[in-house]
Undergrad: 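Okay, here's the structure, questions in a sec.
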Amino acid sequence: MRKKSNTVLITIIIVFVLIIIGTFVFIVLKTINEKSSNKNYNNIASSYAPDISQSQNASEITAPSIYVNKQENPIDFKALSDQNSDIYSWIYVPGTNVNYPVCQSNADDNFYLDHDVYKNYSFAGAIYSQYCNMTDYSDRVTVLYGHNMADGSMFSTLHRFSDYDFFSSHKYMYVYTKDRKLTYEIISAFEYDDRHIMNSFDFDDDKVFNDYLEMIVNPRSLYKNVRDNINLTVNDKILTLSTCLNSGEGRYLVQGVLVKDEQTK
């Protein structure tokens, strides 16, 4: 009986040790993967979008209106497309680390949840949209997803918009496609529940869309920042950046409205 008890104890100890070793190996591999992914994305930004921070002129925007004005496109989309044809745009949010290509897979809606822009497995994944959104940003609401990574990569630094001073001093975010530059005024940033936005709202219905617009300028959240004097209509185009909360279930959303649409060359 004593021998049997010792055997059980030894088995438990061995299993416990294996769990500890497995956890340690997982953490090490995850850390290595994240560092490698972050380095790759930094290389992508410096290689394919080296001048993006110098190409903004948001201070010239005085009112929400749409312009057509050809300018140089700072993104090398041809080279990006040669790497991965799923890359269709670029997202840049000044004051944050968000400076990434945007992907969409036609085969698997959530492929880039755990794959990088080279289609390699990655804990960090990539910035992506789902097939329910058009890749020309013509939908009434376009949602881009990104992980809330502990190393500050992907969409984690969007949480800076929870600080009132930061929110107040950073008004714009930018999307580039191969022939356009889209400027969005950031109108709100807040914690939200974990529902799938595109599946939960019929944005083709004017009333549903209008109710959604009312929600994003007056979100029912204890943790929110909202721009003053924003008037939205059903003719507006909304860009939603979505990432995980720092703790608990739900999503952190940064909402922007299209205020400038420029052709590029």
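Positions are given from 1 along the sequence.
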Undergrad: I'd like to know if the side chain of Y252 pairs up with that of S162 as donor and acceptor (distance under 3.5 Å, no hydrogens or angles considered).
TA: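 No, no side-chain donor-acceptor contact under 3.5 Å.
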Undergrad: Could you measure the distance from the CG atom of N235 to the OG1 atom of T233? Nearest 0.5 Å is fine.
TA: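 Reported to 0.5 Å precision, the distance equals 4.0 Å.
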Undergrad: With a 6.0 Å cut-off on the ring centroids, do Y184 and Y174 count as close?
TA: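 So the answer is no for these two rings.
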Undergrad: Taking atom types as modelled, is there a side-chain donor on Q104 or S129 under 3.5 Å from an acceptor on the other?
TA: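 Note: Q104 and S129 side chains meet the donor-acceptor criterion.
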Undergrad: What I want to check is whether the side chains of D116 and S122 have a donor and an acceptor closer together than 3.5 Å.
TA: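 Judged by distance alone, the side chains do not pair up.
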Undergrad: For D204 and R140, what are the C-alpha separation, side-chain angles and deciding distance, and is it a side-chain contact (heavy atoms from CB on, under 4.5 Å)?
TA: CA-CA 8 Å; D204 290 331; R140 282 178 158 179; 5.6 Å; no
Undergrad: Taking C-beta and beyond as the side chain, do K181 and T183 meet within less than 4.5 Å on heavy atoms?
TA: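 Side-chain contact under 4.5 Å: yes.
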Undergrad: Ring centres of F161 and F166 under 6.0 Å apart?
TA: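 Aromatic pair counts; centres sit under 6.0 Å.
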Undergrad: Above 12 or not: heavy atoms from other molecules or residues under 6.0 Å from CG of N231?
TA: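 12 or below, so no.
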Undergrad: When hydrophobic residues are tied together by side-chain contacts of less than 4.5 Å, even through go-betweens, does V226 share a cluster with L253?
TA: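 No, no single cluster joins them.
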Undergrad: Measuring from atom NZ of K237 to atom CG of D139, what distance do you get when rounded to the nearest 0.5 angstrom?
TA: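 That separation rounds to 8.5 Å.
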Undergrad: Is M134 reachable from L182 through a run of hydrophobic residues whose side-chain heavy atoms are each under 4.5 Å from the next?
TA: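 No; M134 is not reachable from L182 via cluster members.
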Undergrad: Any donor and acceptor pair, going by atom type alone, linking the side chain of H147 with main-chain N or O of T243 inside 3.5 Å?
TA: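 No, H147 side chain to T243 backbone: no donor-acceptor pair under 3.5 Å.
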Undergrad: With a 4.5 Å limit on heavy-atom distance, are the side chains of E249 and D193 in contact?
TA: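 Answer no - side chains too far apart.
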Undergrad: Distance only, no hydrogens: is a donor on one side chain within 3.5 Å (strictly under) of an acceptor on the other, for Q130 and N110?
TA: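 Result is yes, a qualifying pair exists.
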Undergrad: Considering the options Q263, K265, E262, which one meets the side chain to side chain donor-acceptor pair (under 3.5 Å) requirement together with Q71?
TA: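 Testing each of Q263, K265, E262 against Q71, the sole residue satisfying side chain to side chain donor-acceptor pair (under 3.5 Å) is E262.
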Undergrad: Would you check if there is a donor-acceptor pair between the side chains of S138 and D136 at a distance under 3.5 Å?
TA: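 Yes, side-chain donor-acceptor contact under 3.5 Å.
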Undergrad: With salt bridge (charged side-chain N to carboxylate O under 4.0 Å, His left out) as the test, would you mind laying out the steps for K207 and D205 before giving the verdict?
TA: CA-CA 6 Å; K207 183 181 183 308; D205 185 320; over 6 Å; no
Undergrad: Any sub-3.5 Å donor-acceptor pair from S200's side-chain atoms to H196's backbone N or O?
TA: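 Yes.
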Undergrad: Do L258 and D236 have side chains that approach each other closer than 4.5 Å (heavy atoms only, starting at C-beta)?
TA: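 No. Closest side-chain heavy atoms not under 4.5 Å.
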Undergrad: For the pair Y137 and Y88, name the ring-plane relationship: parallel under 30°, tilted 30 to 60°, perpendicular over 60°.
TA: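 The rings of Y137 and Y88 sit tilted, inter-plane angle from 30° to 60°.
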Undergrad: Would you confirm whether K171, through its side chain, and E185, through its main-chain N or O, come within 3.5 Å as a donor-acceptor pair?
TA: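 Side chain of K171 to backbone of E185, a donor-acceptor pair under 3.5 Å: no, none is there.
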Undergrad: Do L245 and N148 touch side chain to side chain, with heavy atoms closer than 4.5 Å?
TA: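 The answer is no; the side chains never approach within 4.5 Å.
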Undergrad: Run the side-chain hydrogen bond (donor to acceptor under 3.5 Å, both in side chains) test on D179 and N73 for me, step by step, so that the C-alpha distance in whole Å, both residues' side-chain angles and the decisive distance to 0.1 Å come before the verdict.
TA: CA-CA 7 Å; D179 57 6; N73 195 319; over 6 Å; no
Undergrad: With a 3.5 Å distance limit and no angle check, can you tell me whether S81 reaches the backbone of F77 through a side-chain donor-acceptor pair?
TA: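 No: the side chain of S81 does not pair with the backbone of F77.
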Undergrad: Side-chain heavy atoms nearer than 4.5 Å, only ILVMFWY residues, links allowed to pass through others: does that put V208 and V143 together?
TA: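 Yes.
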Undergrad: Run the salt bridge (charged side-chain N to carboxylate O under 4.0 Å, His left out) check on D86 and K119 step by step: do they pass?
TA: CA-CA 10 Å; D86 286 347; K119 297 188 175 183; 3.7 Å; yes
Undergrad: With heavy-atom distances below 4.5 Å as the criterion, would you say the side chains of D114 and F123 are in contact?
TA: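 When only atoms from C-beta onward are counted, F123 and D114 do not touch, as no gap falls below 4.5 Å.
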Undergrad: Look at the side-chain heavy atoms of Ile, Leu, Val, Met, Phe, Trp and Tyr, link any pair under 4.5 Å apart, and say whether W90 and Y118 land in one connected group.
TA: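 Hydrophobic grouping puts W90 with Y118.
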Undergrad: Answer yes or no on whether R251 is positioned over the face of Y145, meaning its NZ or CZ is under 6.0 Å from the six-membered ring centre and within 45° of the axis.
TA: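 R251 over Y145 ring: no.
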Undergrad: Is it the case that over 12 heavy atoms from other parts of the model lie below 6.0 angstrom from the NZ atom of K178?
TA: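 Counting neighbours around NZ of K178, 12 or fewer heavy atoms of other residues, nucleotides or ligands fall under 6.0 Å, so no.
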Undergrad: N106 versus F111: any side-chain heavy-atom pair under 4.5 Å?
TA: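 Sidechains of F111 and N106: no contact.
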Undergrad: List the steps, then state whether side-chain contact (heavy atoms from CB on, under 4.5 Å) holds for Y131 with S105.
TA: CA-CA 7 Å; Y131 193 65; S105 171; over 6 Å; no
Undergrad: Run the side-chain contact (heavy atoms from CB on, under 4.5 Å) check on H159 and T157 step by step: do they pass?
TA: CA-CA 5 Å; H159 285 276; T157 51; over 6 Å; no
Undergrad: If I take atom CG from residue D109 and atom SG from residue C132, how far apart are they, to the nearest 0.5 angstrom?
TA: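 Answer for the CG-SG pair, D109 versus C132, is 6.0 Å.
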Undergrad: How long is the gap from OG1 on T240 to CD1 on I216, to the nearest 0.5 Å?
TA: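 Nearest 0.5 Å value for the OG1-CD1 distance: 6.5 Å.
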Undergrad: Short question: side chain of R227, backbone of F167 - any donor-acceptor pair under 3.5 Å?
TA: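 It does hold such a pair.
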Undergrad: Do I197 and Y212 touch side chain to side chain, with heavy atoms closer than 4.5 Å?
TA: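 Yes, side chains in contact.
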Undergrad: Flag yes if Y223 and V254 sit in one hydrophobic cluster, no otherwise; membership is Ile, Leu, Val, Met, Phe, Trp, Tyr, and two members link when side-chain heavy atoms are under 4.5 Å apart.
TA: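 The answer is no; the residues belong to distinct hydrophobic clusters.
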Undergrad: Please answer whether the main-chain N or O of R180 pairs with a side-chain N or O of T264 as donor and acceptor at a distance below 3.5 Å.
TA: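 Side chain of T264 to backbone of R180: a pair is present.
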Undergrad: Can N133 and Y128 be counted as having a side-chain donor-acceptor contact under 3.5 angstrom?
TA: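 No.
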Undergrad: Do T142 and I238 pass the side-chain contact (heavy atoms from CB on, under 4.5 Å) test, and can you show the C-alpha distance, the side-chain angles, and the key distance before you say yes or no?
TA: CA-CA 6 Å; T142 298; I238 303 298; over 6 Å; no
Undergrad: Judged by modelled atom types alone, do Q255 and Y192 share a side-chain donor-acceptor pair under 3.5 Å?
TA: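 Note: Q255 and Y192 side chains miss the donor-acceptor criterion.
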Undergrad: Do L239 and L144 have side chains that get closer than 4.5 Å, going by heavy atoms?
TA: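 Contact flag for L239/L144 side chains = yes.
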Undergrad: Just by distance, do the side chain of S153 and the backbone of M149 share a donor-acceptor pair under 3.5 Å?
TA: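 A pair under 3.5 Å: no.
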